Amino acid sequence: MQPSFFASLFGLRFPLIVVLLTLGASYLLITRSVEHYHLAQAKLAQQNQVYQQARERLQRSGSEKATIEQYLPTYQALQQQGLIGTEQRINWVDTLRTINRNLKLYGINYQIDAQKPYQGDTSSTGDFQVFQSDMTLHFGLLHENDLLSFFDQLRAAHVGLFQINKCSLQRTGSSYASFGMQPNLDADCTLQWLTLQPKRNAS
C-alpha cells in the first residue's frame, strides 16, 4: 500500500510542477501589472500637472491680454504726453518758445540738469521707475498774471509732468515798463520734470 502511495504521489508530480509554474508566472504577471499601473499613474499625474500649468498659463495670458487691452490706450496717451519713456527735451524747448510767443513774453532762459532717479516717494509706482530733471527758468513778465498763464499753458501742452519747487518775482525798475516795452517783473522758477520708465527687471 505504501508503494501505491508513492506511486500516486509520483504521478502527481507533473501537475504540481505545472501548478507551481502557473502560480509563479501569475505572480510575475501581477507584479509587473502593478508596476505598470503605478508607472501609468505617475505619468498620468505628470501629464495632469503639465496640463494644469498650461491651463494656468493660458488663463494668465488671457487675463494679461485683457489688462493690456484695457490700459493700452491710457499707456499710449501717457507716452504721447511725455510722462512715460525717455525725455523729450526738444519738445520742451519748442513748447517754451511757443508759450513765450503766445504770451508775448520777453524771452525765456532755461537750464535743464542731467536726469537722475527721483528723490521722493516711489512706493506706488509699481513696475516703473521715476526719474527727475531739475529745471531753472528765468523770464520777464509784464504783470503777475503772466506767470499763472505760463504754467497753465505749460500743463496744457502735455510735454510731461512737472512740479514747481519755488518761484520768485522781482520788479525790474525799468523806466520803459509803463509803455510795455520791457518787463515789469523778473521771474525765477525751479521745477522738477518727471518721467516714468519701465524697470529693467519688470516682467
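Treat the numbers as computed from the prediction; the structure is a model and nothing was measured. Residue indices begin at 1 and follow the sequence shown.
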J.: Quick one: which residue pairs count as a salt bridge (charged side-chain N to carboxylate O under 4.0 Å, His left out) with a foot in residues 156-169, not counting sequence neighbours?
T.: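 For residues 156-169: none.
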J.: Can you tell me how far apart OH (Tyr118) and CD (Gln192) are? Round to the nearest 0.5 Å.
T.: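 It is 6.0 Å, given to the nearest 0.5 Å.
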J.: Please answer: with hydrophobic residues joined when any side-chain heavy atoms are less than 4.5 Å apart, are Phe151 and Met135 in the same cluster?
T.: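 Yes, Phe151 connects to Met135 through the hydrophobic network.
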J.: Do the side chains of Asp146 and Leu105 get nearer than 4.5 Å, heavy atoms only?
T.: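 In contact.
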J.: Side chains of Ile108 and His138: does their closest heavy-atom pair fall under 4.5 Å?
T.: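 A side-chain contact under 4.5 Å is absent here.
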J.: Under the side chain to side chain contact (heavy atoms under 4.5 Å, CB included) criterion, do Ser168 and Asp188 qualify, and how do the steps go?
T.: CA-CA 5 Å; Ser168 62; Asp188 288 288; 3.6 Å; yes
J.: Say you draw a straight line from CG of Leu141 to CG of Leu103; how long is it, rounded to the nearest 0.5 Å?
T.: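 With rounding to 0.5 Å, CG (Leu141) is 9.0 Å from CG (Leu103).
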J.: If I take atom SG from residue Cys189 and atom CG from residue Asn165, how far apart are they, to the nearest 0.5 angstrom?
T.: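 So the SG of Cys189 and the CG of Asn165 are separated by 10.0 Å.
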J.: Show, in sequence, the C-alpha distance, side-chain angles and deciding distance for Glu144 and Leu169, and conclude whether the side chain to side chain contact (heavy atoms under 4.5 Å, CB included) test is met.
T.: CA-CA 8 Å; Glu144 293 86 347; Leu169 295 176; 4.1 Å; yes
J.: Flag the pair Gln182 / Thr172 as yes when at least one side-chain heavy-atom distance between them is below 4.5 Å, and no otherwise.
T.: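 With C-beta onward as the side chain, the pair stays apart.
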J.: From Cys167 SG over to Leu191 CG, what is the distance, rounded to the nearest 0.5 angstrom?
T.: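 Reported value, rounded in 0.5 Å steps: 7.5 Å.
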J.: So, do Asn109 and Leu137 sit near enough that their side-chain heavy atoms are less than 4.5 Å apart?
T.: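 In short, these two side chains do not touch, never coming nearer than 4.5 Å.
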J.: Quick one: do Gln163 and Leu194 satisfy side chain to side chain contact (heavy atoms under 4.5 Å, CB included)? Show the steps, please.
T.: CA-CA 8 Å; Gln163 59 183 23; Leu194 305 178; 4.3 Å; yes
J.: Find the distance between OG1 (Thr190) and CD1 (Ile164) and round it off to the nearest 0.5 Å.
T.: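 Those atoms lie 9.5 Å apart.
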J.: Within a strict 4.5 Å, meaning less than it, do heavy atoms of the Leu185 and Arg171 side chains meet?
T.: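 Yes, close enough: below the 4.5 Å cut-off.
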J.: Hey, any chance Ile112 and Leu154 share a hydrophobic cluster, counting ILVMFWY side chains that come within less than 4.5 Å of each other, even indirectly?
T.: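 They do share one cluster, since a chain of ILVMFWY contacts under 4.5 Å joins Ile112 to Leu154.
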J.: Is the CD1 atom of Ile90 crowded by more than 12 outside heavy atoms at less than 6.0 Å?
T.: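 Open: at most 12 neighbouring heavy atoms sit under 6.0 Å from CD1 of Ile90.
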J.: For a 4.5 angstrom cut-off between non-hydrogen side-chain atoms, does Trp193 reach Arg89?
T.: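 In short, these two side chains touch, coming nearer than 4.5 Å.
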J.: Compute whether any side-chain donor of one residue and acceptor of the other, for Thr195 and Gln88, lie under 3.5 angstrom apart.
T.: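 Their side chains do not contain a donor-acceptor pair, so the 3.5 Å distance test is not met.
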J.: Output all residues satisfying salt bridge (Lys or Arg N to Asp or Glu O under 4.0 Å) with Asp134, sequence neighbours left out; order by chain, then residue number.
T.: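 For Asp134, the residues satisfying salt bridge (Lys or Arg N to Asp or Glu O under 4.0 Å) (neighbours in sequence not counted) are Lys116.
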J.: State yes or no: are the ring centers of Phe139 and Tyr110 separated by less than 6.0 Å?
T.: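 Judged by ring-centre distance (under 6.0 Å), Phe139 and Tyr110 do not meet the cut-off.
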J.: Within the 4.5 Å heavy-atom criterion, are Glu87 and Gln197 side-chain neighbours or not?
T.: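 Sidechains of Gln197 and Glu87: no contact.
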J.: Do Phe150 and Asn100 have side chains that get closer than 4.5 Å, going by heavy atoms?
T.: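 No, their side chains stay 4.5 Å or more apart.
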J.: Measure the CG-CD distance between Asn184 and Gln170 for me, rounded to the nearest 0.5 Å.
T.: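 Separation between the atoms: 14.0 Å.
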